[in-house]
Amino acid sequence: KQYAVEVLAKGLTRYTATAGTIEFRKAIVDFYAARFNADLKQNEIAAACGGKQALFNAACTLLNPGDDVLIPKPYWVTFPEIVTFCRANSVILTADQVEAAITPKTKLLIINSPSNPSGRVVPPAEMRKIVEVCAARNVYVLTDECYLFFAYPPAEPFSLATLPPELRKFVCVAGSFSKTYAMTGWRIGYTIASPEWTAAIVKLQSHSATHPTSFVQYACAKSLGDIDETIDAVNTMTTEYERRRNWFVP
């Protein structure tokens, strides 16, 4: 909040680039490098008005009417609504049915780990296998990582942004500040995708939201720039959540 006050006082309230400010995109790249050893480029990042718009942008730039979208259950209620908006078809299934459910009409798999509402964490090896299966069939993967850091031992936070380029070109990561940083009302998120997919996302956003709020982007960039402090703050929060979880689920 202090960073937002500072940039407001500096008058950083004008339009930004549709993809987001250079500072914001660089902060995302640097954070994923520091936390996950991911090798990202700024042209793979697009700022969004929250994780929900990130998901919306990714789906709308990929889907055509009549495409099938695989959604493992239980799922967040917005997933099939985004598919419906795109005039595509939601195919609801369980996680172990994904490979068998792929048909020539399948265009996209939407996956969410840690899951809302179940909290289930898909192990990294299983996540990679899912992407490999999809990529082999030219099916894309949209991963909602809104709850990225809400993983408790023996599970650990894992992002598909760490996959090698040949697999990551089939993946779009939708990220959010809302849950990890308790910034629900700020409406700030981002996508991580191939340069081609990102360019399409930016083109779509240029005719819809234009870009997320300018001073929010600057504040987030400055906050993420303090990488050690940011990671410590997240660890403090998730440690407390883990304590509550262990009390509730012995």
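Only this structure's heavy atoms are used, side chains among them; waters, hydrogens and symmetry mates stay out. Throughout, residue positions are numbered sequentially from 1 according to the sequence presented.
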Is a side-chain N or O of [X] found less than 3.5 angstrom from the main chain of [Y], in a donor-acceptor match?
{"X": "N112", "Y": "D144", "answer": "yes"}
{"X": "R245", "Y": "Y152", "answer": "no"}
{"X": "S214", "Y": "L12", "answer": "yes"}
{"X": "S159", "Y": "A161", "answer": "yes"}
{"X": "S113", "Y": "V122", "answer": "yes"}
{"X": "Q205", "Y": "A47", "answer": "yes"}
{"X": "E145", "Y": "L160", "answer": "yes"}

Between [atom1] of [X] and [atom2] of [Y], what distance do you get to the nearest 0.5 Å?
{"X": "S194", "Y": "F170", "atom1": "OG", "atom2": "CZ", "answer": "9.5 Å"}
{"X": "F79", "Y": "I71", "atom1": "CZ", "atom2": "CD1", "answer": "7.5 Å"}
{"X": "I231", "Y": "F149", "atom1": "CD1", "atom2": "CZ", "answer": "7.0 Å"}
{"X": "W186", "Y": "S178", "atom1": "CH2", "atom2": "OG", "answer": "11.5 Å"}
{"X": "L204", "Y": "T61", "atom1": "CG", "atom2": "OG1", "answer": "6.5 Å"}
{"X": "S118", "Y": "W76", "atom1": "OG", "atom2": "CH2", "answer": "15.0 Å"}

If you define the side chain from C-beta out and look only at heavy atoms, does anything of [X] sit under 4.5 Å from [Y]?
{"X": "T198", "Y": "N43", "value": "no"}
{"X": "C49", "Y": "I188", "value": "no"}
{"X": "T106", "Y": "V91", "value": "no"}
{"X": "R187", "Y": "T213", "value": "no"}
{"X": "M127", "Y": "I111", "value": "yes"}
{"X": "R120", "Y": "P74", "value": "no"}

Quick check: is [Y] connected to [X] through a chain of hydrophobic side chains (ILVMFWY, heavy atoms under 4.5 Å apart)?
{"X": "I45", "Y": "L148", "value": "yes"}
{"X": "V29", "Y": "I192", "value": "yes"}
{"X": "V141", "Y": "F36", "value": "yes"}
{"X": "L62", "Y": "Y75", "value": "yes"}

Report the relative orientation of the aromatic rings in [X] and [Y]; use parallel for angles under 30°, tilted for 30 to 60°, perpendicular for over 60°.
{"X": "F56", "Y": "F85", "result": "tilted"}
{"X": "F150", "Y": "Y147", "result": "perpendicular"}
{"X": "F24", "Y": "F177", "result": "tilted"}

Item to check | side-chain contact (heavy atoms from CB on, under 4.5 Å), paired with K107, selected from L70, N64, V139, V69 | outcome: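 Exactly one pass, corresponding to N64.
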Item to check | From CA spacing to verdict: ring-ring contact (aromatic ring centres under 6.0 Å, His included), W197, Y140 | outcome: CA-CA 11 Å; W197 199 347; Y140 291 82; 5.5 Å; yes
Checklist outcome for this item: Between E44 and the options R25, K26, R168, the salt bridge (Lys or Arg N to Asp or Glu O under 4.0 Å) test singles out R168
Next on the checklist: Could you check whether atom CD of E229 has more than 12 heavy atoms from other residues, nucleotides or ligands sitting under 6.0 Å from it?
Outcome noted: no
Checklist entry - Which residues satisfy the side chain to side chain contact (heavy atoms under 4.5 Å, CB included) test with P154, sequence neighbours excluded? => result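 Counting only residues at least two positions away or on another chain, P154 forms no side chain to side chain contact (heavy atoms under 4.5 Å, CB included).
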Item to check | Where at least one partner belongs to residues 78-98, residue pairs that pass side-chain hydrogen bond (donor to acceptor under 3.5 Å, both in side chains), sequence neighbours excluded | outcome: D68-N89, T94-D96, T94-Q97
Next on the checklist: Between E132 and R128, does any NZ, NE, NH1 or NH2 come within less than 4.0 Å of an OD or OE carboxylate oxygen?
Outcome noted: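 The answer is yes: the pair qualifies as a salt bridge.
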